[in-house]
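As a basis for the values below, the full set of heavy atoms in this structure was taken, side chains included, without hydrogen atoms, waters or symmetry mates.
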Amino acid sequence: MTVAVVLLATALVIVVALLAAAGAGKLARMDGATYPAALTRAAVTFAAVITLTATVASVYTTLLT
């Protein structure tokens, strides 16, 4: 049961990160950025979402144990 919850939570985080990255890339292109610049913004957004999630999970782990 615990493994399933962890896998589902991980999948959800990845989907949210991909959606945020796609949105950032699209907004960058609409703003007139070149394709490499838009891809860079999308990658930075993806990394930021993953990093924020890892930080929040670490804080929760510290508080709950």
Under 3.5 Å, sequence neighbours excluded: what are the donor-acceptor pairs made by side chains of residues 45-52?
residue : atom : partner : partner atom : Å
Thr45   : OG1  : Arg41   : O            : 2.8
Thr51   : OG1  : Ala47   : O            : 2.7

Check your understanding: Short question: side chain of Thr10, backbone of Val6 - any donor-acceptor pair under 3.5 Å?
Key -> yes
Practice item. List the atom of Ala38, the atom of Ala33, and the distance in Å for their closest heavy-atom pair. Key: N-CB, 4.3 Å
Practice item. Indicate the atoms forming the closest heavy-atom contact of Ala42 with Ala24, along with that distance. Key: CA-CB, 4.4 Å
Review point. Taking ILVMFWY side chains as joined if any heavy atoms are under 4.5 angstrom apart, and letting links pass through other members, which residues group with Leu63?
Key: Val59
Practice item. Working to the nearest 0.5 Å, report the span between CG of Leu12 and CG of Leu7. Key: 12.5 Å
